[in-house]
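First up is the structure itself, then whatever we jot down about it.
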Amino acid sequence: MPDLNFYDMVYQVARLIPPGRVTSYGAIANYLGTKGSSRMVGYAMGSCGAAKPPVPAHRVVNSQGLLTGKFHFRPHSLMQQLLENEGVKVEDDKVVDFKKIFWDPAVELAM
DNA sequence: GAGGTGACTGCGA
DNA sequence: CTCGCAGCCACCT
């Protein structure tokens, strides 16, 4: 186990999200074992701009499927645009059929 | 070393 | 149904 920081863990999981799918901060936090610290996931995303390769943060939404982090994108509509570009329908800043396209690392990457 | 911050979550009124 | 509060933990200054 290298000295991967919590940030790197989040980035790696986020990059594992397949196109057309989305996950929640809590799901990633849960997979990382810090389920109680869902904030850390979002906070880690705050530095996603410094991650290489870039992290598809647009595939990460809150537990409600709302694009809470869209305001961190430039422009703010970029997040929705990227999701729709991958086939994810977004309406009223929230993912349509969120629970259907929901990708849980704790399940998909289970073991 | 200590303090402040934050792209969240869940429960209570 | 909608609004508000408290908990949580790692990173930064």
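Just so we're on the same page: letters track the sequence lines, and every chain starts at 1. Keep in mind that what you see is a predicted model, and the values were worked out from it rather than measured. Just the heavy atoms: all of them, side chains too, but no hydrogens, waters or symmetry mates, feed the values below.
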Original post:
Where the side chain of A:Phe6 is defined as all heavy atoms beyond and including C-beta, which of B:dA7, B:dC8, C:dC11 is the nearest nucleotide?
Top reply: C:dC11
Subject >> Out of B:dT9, C:dC11, C:dC8, whichever nucleotide has its closest atom nearest the side chain of A:Asn5 >> reply: C:dC11
Original post:
Want to settle it: does A:Tyr43 or A:Ser24 sit nearer the 5' end of DNA chain B, counting the closest nucleotide to each?
Top reply: A:Tyr43
Subject >> Spatial distance of atom CD1 (A:Ile17) from atom CG (A:Asp104) [nearest 0.5 Å] >> reply: 10.5 Å
Original post:
Which distance, rounded to the nearest 0.5 Å, do you find between the CZ of A:Phe98 and the OG of A:Ser24?
Top reply: 5.0 Å
[N] [atom2] sits how many Å from [X] [atom1], rounded?
{"X": "A:Tyr11", "N": "C:dC11", "atom1": "OH", "atom2": "C1'", "value": "10 Å"}
{"X": "A:Phe71", "N": "B:dA7", "atom1": "CZ", "atom2": "P", "value": "11 Å"}
{"X": "A:Tyr7", "N": "B:dA7", "atom1": "OH", "atom2": "P", "value": "11 Å"}
{"X": "A:Met9", "N": "C:dC11", "atom1": "CE", "atom2": "P", "value": "11 Å"}
{"X": "A:Leu66", "N": "B:dG10", "atom1": "CG", "atom2": "P", "value": "13 Å"}
{"X": "A:Leu83", "N": "B:dA7", "atom1": "CG", "atom2": "C1'", "value": "13 Å"}
{"X": "A:Asn30", "N": "C:dC9", "atom1": "CG", "atom2": "P", "value": "14 Å"}
{"X": "A:Met45", "N": "C:dC9", "atom1": "CE", "atom2": "C1'", "value": "17 Å"}

**OP:** Tell me what A:Ala44 touches on the nucleic acid: a base, only sugar-phosphate, or nothing, going by heavy atoms under 4.0 Å.
**Re:** nothing
**OP:** Give A:Ser37 one of three labels, base, sugar-phosphate or nothing, depending on what nucleic acid heavy atoms sit under 4.0 Å from its own.
**Re:** sugar-phosphate
Subject >> For the student: nearest non-hydrogen atoms of A:Phe73 and A:Leu78, plus distance >> reply: CD2-CD2, 4.0 Å
Original post:
Taking the side chain from A:His76 and the backbone from A:Phe71, do they hold a donor-acceptor pair closer than 3.5 Å?
Top reply: yes
Subject >> Ion pair check, A:Glu108 and A:Arg21, cut-off under 4.0 Å >> reply: no
Original post:
Can you find a side chain N or O atom of A:Thr34 that sits less than 4.0 Å from OP1 or OP2 on C:dC9?
Top reply: no
